[in-house]
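Here's the structure we're looking at; comments come further down.
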There are 2 protein chains.
Amino acid sequence: MAYGTLPNADRLKVSALSGPAHFLPSRAHVAGPRLEAADCKTKTSCSACPVASRSLCTPLHADSCSELDEVHGEIELAPGVDLFWEGDELSWLYTILDGLLFSYTLFEDGRRQILQVMLPGDIVGSWLSPGIAHCAVQALTTTRLCILPCRSRVDLVARFPEMAVRYGELLQEQAVRADQRIASLGRHSARQRIAYFLIDLYCRVRERSESALGSSIPMPLTQEHIADLLGLTSVHVCRILGNLRAEGIIRLHGRNLHVLDPDRLVDICDFDCETAAAIRKAVGLDGAVG
Amino acid sequence: MAYGTLPNADRLKVSALSGPAHFLPSRAHVAGPRLEAADCKTKTSCSACPVASRSLCTPLHADSCSELDEVHGEIELAPGVDLFWEGDELSWLYTILDGLLFSYTLFEDGRRQILQVMLPGDIVGSWLSPGIAHCAVQALTTTRLCILPCRSRVDLVARFPEMAVRYGELLQEQAVRADQRIASLGRHSARQRIAYFLIDLYCRVRERSESALGSSIPMPLTQEHIADLLGLTSVHVCRILGNLRAEGIIRLHGRNLHVLDPDRLVDICDFDCETAAAIRKAVGLDGAVG
DNA sequence: CGTAAGGTTGAGTTATATCAAGTGGTGTGG
DNA sequence: CCACACCACTTGATATAACTCAACCTTACG
C-alpha cells in the first residue's frame, strides 16, 4: 500500500518504517535513501509527453490520450534515491520521461548486482500484474517519472486493448535485453562485457535523441556501477577501460563517453554475424562510417 | 512464415531451406535439427489441459475454454530437436504441456549460452508481439507443446481481456527469473551458481507435480548443459557436483537427482534472508524438514 | 585548504579454464 | 553374446583471467 492512493496522488508520502527488513547498515553504501515525497507541481500533459513514441500509451496517441491525463501522475527522483526496494509492494507502473534508472539486488555479504540500466521510455514496476518487487530501483541522474496506478489496468485494458498489446511488446523487449545480459555475463570475458555494455548503451542513448550527439554520450555510471552491472570489480573495469582508451577505441572526459571506434567495440564482442550487423546498423555503421 | 497457417495446422511442415544463415557446420554439435514436421493426431482438448492451472488460458477455464479448442494445435518434439532458431520469424505462442525445453544462443566461436530452462506451463515464443526470435529453443526431453497462432491475439484479447492480463503476469514471471539468472551469473561463485541452479530446478519441478516425488527429481540436463547454463566449463561443473555429492548434499543416480539437504544448498547461495526464506518455504523446509 | 569520492597502478593470490588422459556405461552390429 | 564405438563423466597438471589488497593520485566541492 505504499505511495497512497490515486487519483490525487500529487503528493506521495512513504513512511520510512515501511522499509524492508533487509536494509541493513552494512548495505547503506549501495542502497540509497528511498523516495520519501515528491511533488507533481509540473505534471506534464500527455499531449506533451516526451516519450509518446515509445511508451505504453503509444497506441493511444494522439486521439484518446487526454483520458489518461486524469489518471496519471508525475514524480521526480534525485540521483542516488531509490524508487522502491526489494520486497516493496508494487502498485504503480512508472515510465521514465527523462533521466536514467537502474535496478539492482543486494546479497547478504553486501555485494550488489545491477540488473538493468533503464532509459527514457522504459517502463518500471508493474501494471498488469501487481506484486512484490524482486529488486530495488535507483535513480542514476535526476529522473522524471510518469506514474500510472496498477489498479487502472482493468478499466484501461477493457477500453484500450491495444495498451495490453503494447505492454506485452515492452515486456518482450525487456526479456530480450535480459537474455542478452545473461549471454554476456555467462560467456563474455571482462573485455567483451565492457565492450558490449558500451556499444549497447551508446546505441540506446543515441536512438532516443533525435538530435545528433556526435559520437559522444553522457555517462553517469561510475566504474563501480559498471563493475556491479557486469559482475566485475571496479579495479578490473578501470584497467580495461584504460586499455580501450589507450587503443583509441573510446575517450572519456568527465562524465562523457566518446566512442571513437564503435566498429572495433562490436568486433570485440564476438557476436554472431546477424547480431553484429544489427548493432552496426543501429550505430550507423552500415556502409557509411560516421 | 514458418510453420504454415492456422486453423487446420494439424500438420506443420517447415522447409529445411528456411534455416537461418548462422547455422554453420561448426556449430552442429550444439544446434540441433530443427522441427520438420509434427502430427497432431492426439491433440489434447482444453478441458483436459494438463497445465490449465498455470497457463495463459487459466483465466478462461473452465467456462469459455472450449472456444480455444478451435484455435489451438499441438506438436511434439523429440529430445535434441530445435523448436526454432535465432532469426526465425515467430508467429506462434507455444505452451509446454509436458517435457523440458531450453532457450540458447550461440557465439561466433561456437560456444553456447543456455538462457533459460522451461518447464510444463511455461510459454515460449510470442503472442502479443510477433517478431524475430532472439534465441533458439531446443527440447531436452520428448516435449508436447500447445500452439496458439500469434494472429489470434486481436480477436482473443478483445473477447478475453483477462488473457492479456495473464500474459503480462507470465512475462513478468519470466522477467523475474531472468533477473535472478543475471544476479547469479554476475555475483555467484561456481559453487553458488550450481547450488542455486539445483535448488531452483528442484523447486520448480516439485511445485508442478502434485504427487510427492520424494526428494528426487528427473534430471535430463547433462553436465555440459549445466555448464552452458551457468557460464562454466563442464569439467568444473563435474568437480563441484562431485564435492556436493561427497558432502552428502545431493546424490545422482542415472538421470535422477536426489536433493538430500536442500537447506545447505540454500545456505550456499548467500541469498538475502527473505529470498532464502521464500525458497525454503517452496522446498517445504519451513519448520518441518522433509 | 581539507576532505571525500572516484579513479589509477602494482604485486600477489585464487578461482576457473584449458589440456590431456582415462573410466564407465550403453547401444549397435557382427 | 561379444567387440566396438561413442558419449558423458572423471581426474590430474598447468595456465590464466580476474580478484584482492594496498598505496597513491586526481578531481570536485564545501
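Predicted model, so just to flag it, every value in this text is computed and none were measured. Per chain, numbering begins at 1; letters A, B, ... match sequence-line order.
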Checklist entry - Would a 4.5 Å heavy-atom cut-off, applied to side chains only, mark Ile250(B) and Met219(B) as touching? => result no
Next on the checklist: In whole Å, I'd like the distance from the CG atom of Asn256(B) to the P atom of dC9(D).
Outcome noted: 14 Å
Checklist entry - Rounded to the Å, how far apart are His236(A) NE2 and dA11(C) P? => result 16 Å
Item to check | d(CG, Asp109(B); P, dA17(C)) in whole Å | outcome: 14 Å
Checklist outcome for this item: Among dG10(C), dT11(D), dG7(C), the one nearest any side-chain atom of Arg255(A) is dG7(C)
Checklist entry - Within the side chain of Gln138(A), is there an N or O that forms a donor-acceptor pair under 3.5 Å with the backbone of Leu83(A)? => result no
Next on the checklist: Once you apply a heavy-atom cut-off of 4.0 Å, does Leu241(A) come out as touching a base, just sugar-phosphate, or nothing?
Outcome noted: nothing
Checklist outcome for this item: From CG of Asp228(B) across to P of dC9(D) the rounded distance in Å is 12 Å
Next on the checklist: With a 4.0 Å limit, can you tell me whether Gln223(A) has a side-chain N or O closer than that to the phosphate oxygens OP1/OP2 of dA5(C)?
Outcome noted: no
Next on the checklist: Between Val283(A) and Val259(A), is there a side-chain heavy-atom distance shorter than 4.5 Å?
Outcome noted: no
Item to check | Nearest-angstrom distance from the residue atom CZ of Arg245(A) to P of dT9(C) | outcome: 8 Å
Item to check | Where Asp82(B) and Leu77(B) come nearest, the two heavy atoms and their spacing | outcome: C-CD2, 4.2 Å
Checklist entry - What is the distance, rounded to the nearest whole Å, between atom CD1 of Ile240(A) and atom P of dA17(D)? => result 11 Å
Checklist entry - Base, sugar-phosphate, or nothing: which does Ser234(B) touch, judged by heavy atoms less than 4.0 Å apart? => result nothing
Checklist entry - Rounding to a whole Å, what distance do you find between Arg193(A):CZ and dA17(D):P? => result 13 Å
Checklist outcome for this item: Of the listed dA18(D), dA11(C), dT11(D), the closest approach to the Arg239(A) side chain comes from dA11(C)
Next on the checklist: Looking at Thr233(A), I'd like to know whether one of its side-chain N or O atoms comes within less than 4.0 Å of OP1 or OP2 on dA18(D).
Outcome noted: no
Checklist entry - Between Arg181(A) and Ile182(B), is there a donor-acceptor pair closer than 3.5 Å when you use the side chain of the first and the backbone of the second? => result no
Item to check | Among dG12(D), dA17(C), dG7(C), the one nearest Val235(B) by side-chain distance | outcome: dG12(D)
Checklist entry - Once you round it to whole Å, what is the distance between C1' of dA15(C) and CG of Leu230(B)? => result 16 Å
Checklist entry - For Gly254(B), which contact category applies under a 4.0 Å heavy-atom criterion: base, sugar-phosphate, or nothing? => result nothing
